[in-house]
Amino acid sequence: MKIAIIGAGAMGSLFGGKLASASDVCLYDVNKVHVDTINEKGLCMSQNGKDSYVKLRATTDAKTIGVVDVALFFTKYTYMRSAAQDALNCIDRNTLVLSLQNGLGCSDLLKEYVSVNQICYGMTAWTSDFKGPGHIELTTTSSVGTWCWPLNGIVDERHKELEKTMHSAGFDFSVTKDVDKMIWRKLIVNCNFNPLSGITQMSTGELFHNPATYEIIRNVCFEICDVAQAKGIDLPREEGLKYLEHISDSVYDHVASMALDVKNKRLTEITVLNEAVAAEGARLGVPTPTVKMLANLIRALESQYSK
């Protein structure tokens, strides 16, 4: 398969680097230094103290990619619209457009640019840290999954071929209609560790096992589970908390990218995380005070960037 990774930060580079062994991959990103470094030296993928280099193509000009079989989006939501417009240069009516991005709302935005029959949405439990131009560190220490489902609910040969390619690249990947539960489980992770890392600069494991932050994490988890249950998604509170503990221990040293966003005074993805969950809770009549509190704290930090 020919695959374009739209947004080659920590996660886009992780998927691009692994998929390079099983497909024709090109990374697209607006970070010219990162792109140039990959083209000159290869992508450095570190894990457990060891570095490996993967040779693959990267570009800042989507027009040079050519039409692809799959356009895989890892762009942060704050840059999603411009990325979608650029990606149209390598998408035709047969291209699968897959969003594995955090939060809620990316697939809705994609519907403005491509047919609903092309769009898949999903999530991955893999984690990665951006260490510098051309360099990422894989921070997942155990086997984790990646799931997706076509927005129109119809699985065809393109999805089966994508699943086969992902497996060949070493991903535990499934095309499954259970993806909504997977997404809401990940929201438990992202709506906790992303804003809390932004506020404290602490790692996932440090946050979960610190009594001062654990109570916040527990409350956010339960509120999100309550919203999911109101949506008809079977996600009991205790199951959500158990999953959260599993993820925190699997990626103990991972520091969520929102920490880097806040440190570098960049707008965060809080819109599609805590704010989106709080909005859904309000629509369904489910209180989400702790979820909203973390969103408000991130907005407070963002409001101070200019100072």
Side-chain angles (χ1 to χ4, degrees), residues 1 3-9 11-12 15-16 19 28 62 68-126 145-156 158-163 166 171 173-191 194 224 227-228 230-233 235 257 267-281 283-284:
M1 299 189 85
I3 300 174
I5 308 292
I6 312 300
M11 290 303 301
F15 269 73
L19 281 166
Y28 167 73
V68 297
D69 299 306
V70 179
L72 173 51
F73 277 80
F74 274 110
T75 315
K76 289 196 174 184
Y77 187 78
T78 46
Y79 310 108
M80 183 62 182
R81 190 169 295 280
S82 61
Q85 292 169 349
D86 290 346
L88 289 177
N89 289 289
C90 61
I91 293 172
D92 71 5
R93 61 188 180 89
N94 296 312
T95 302
L96 278 182
V97 180
L98 171 59
S99 167
L100 295 180
Q101 295 148 290
N102 289 335
L104 306 172
C106 290
S107 58
D108 288 333
L109 189 149
L110 284 171
K111 286 191 289 185
E112 298 179 25
Y113 297 94
V114 297
S115 167
V116 66
N117 297 321
Q118 296 177 252
I119 300 172
C120 290
Y121 68 104
M123 58 80 64
T124 182
W126 282 85
T146 301
W147 302 267
C148 79
W149 186 247
L151 206 55
N152 65 3
I154 301 171
V155 178
D156 60 33
R158 298 173 301 173
H159 307 100
K160 295 175 183 178
E161 182 65 22
L162 174 61
E163 191 171 55
M166 286 285 188
F171 290 106
F173 183 90
S174 299
V175 180
T176 171
K177 60 184 177 181
D178 292 332
V179 72
D180 287 320
K181 179 172 181 176
M182 309 304 181
I183 288 172
W184 277 84
R185 284 201 318 183
K186 192 175 183 184
L187 281 167
I188 296 171
V189 175
N190 289 141
C191 291
N194 290 37
I224 293 174
V227 176
K231 286 176 64 64
I233 297 170
L235 187 56
S257 62
L267 291 178
T268 70
E269 292 186 292
I270 203 69
T271 301
V272 293
L273 297 176
N274 297 58
E275 289 179 345
V277 169
E280 192 68 358
R283 184 182 72 83
L284 295 167

(request) I would like to know whether Glu280 and Arg283 meet salt bridge (charged side-chain N to carboxylate O under 4.0 Å, His left out); could you show each step before the answer? (result) CA-CA 5 Å; Glu280 192 68 358; Arg283 184 182 72 83; 2.7 Å; yes
(request) Would you check if Trp149 and His159 make a side-chain contact, meaning some heavy-atom pair closer than 4.5 Å? (result) no
(request) Hey, could you give me the CZ/CG distance between Arg185 and Asp178, rounded to the nearest 0.5 Å? (result) 10.0 Å
(request) Would you confirm whether Lys186, through its side chain, and Thr124, through its main-chain N or O, come within 3.5 Å as a donor-acceptor pair? (result) yes
(message) Side chains of Gln118 and Ile91, heavy atoms from C-beta outward: is any pair under 4.5 Å?
(response) yes
(message) Show the nearest heavy-atom pair for residues Val175 and Glu163, with the distance to one decimal.
(response) N-OE2, 3.1 Å
(message) Is it the case that the side chain of Glu161 and the backbone of Met1 share a donor-acceptor pair, with hydrogens and angles ignored and the cut-off at 3.5 Å?
(response) no
(request) Could you grab the distance from atom CE of Met123 to atom CG of Asp180, nearest 0.5 Å is fine? (result) 11.5 Å
(request) Determine the interplanar angle of the Phe171 and Trp126 rings, folded into 0 to 90°, and report it as parallel if under 30°, tilted if 30 to 60°, perpendicular if over 60°. (result) perpendicular
(request) Would you indicate whether the side-chain heavy atoms of Leu110 and Leu151 approach each other to under 4.5 Å? (result) no
(message) When you compare the side chain of Ile233 with that of Val227, does any pair of heavy atoms fall below 4.5 Å?
(response) no
(message) Nearest 0.5 Å, please: how far is CZ in Arg81 from CD in Glu112?
(response) 4.0 Å
(request) Measure from the side-chain N and O atoms of Thr75 to the backbone N and O of Ile6, and report whether any donor-acceptor pair falls under 3.5 Å. (result) yes
(request) Taking all non-hydrogen atoms of both residues into account, name the closest pair between Phe173 and Cys148 and its distance. (result) CZ-SG, 3.5 Å
(request) Hey, could you give me the OG1/CD1 distance between Thr95 and Ile119, rounded to the nearest 0.5 Å? (result) 12.0 Å
(message) For the OG atom of Ser107 and the CZ atom of Phe73, what is their distance to the nearest 0.5 Å?
(response) 12.0 Å
(request) Please assess Ser257 against Lys76 for the test side chain to side chain contact (heavy atoms under 4.5 Å, CB included), listing each intermediate value before the final yes or no. (result) CA-CA 10 Å; Ser257 62; Lys76 289 196 174 184; 3.2 Å; yes
(request) Please examine the side chains of Leu187 and Leu104, heavy atoms only from C-beta on, and report whether any two atoms are closer than 4.5 Å. (result) yes
(message) Quick check for you: to the nearest 0.5 Å, what is the distance between Glu269 atom CD and Tyr77 atom OH?
(response) 10.5 Å
(message) Can a side-chain donor-acceptor contact be found between Asp108 and Tyr121 if the only test is distance below 3.5 angstrom?
(response) no
(message) To check you understand the geometry: which heavy-atom pair defines the closest contact between Gly103 and Ile183, and what is its length?
(response) O-CG2, 4.5 Å
(message) Between Asp69 and Ile3 (side chain of the first, backbone of the second, donor and acceptor by atom type, cut-off under 3.5 Å), is there such a pair?
(response) no
(request) Work out which heavy atom in Phe74 is nearest to a heavy atom in Ile5; give both atom names and the distance. (result) CD1-CG2, 4.4 Å
(message) Can you give me the closest heavy-atom contact between Cys90 and Ala4, atom names plus distance?
(response) SG-CB, 4.1 Å
(message) Please check this pair: side chain of Arg158 against backbone of Asn94, looking for a donor-acceptor N/O pair closer than 3.5 Å.
(response) yes
(request) Specify the closest pair of heavy atoms between Val179 and Gly122, including all atoms of both residues, with the distance to one decimal. (result) CG2-CA, 3.6 Å
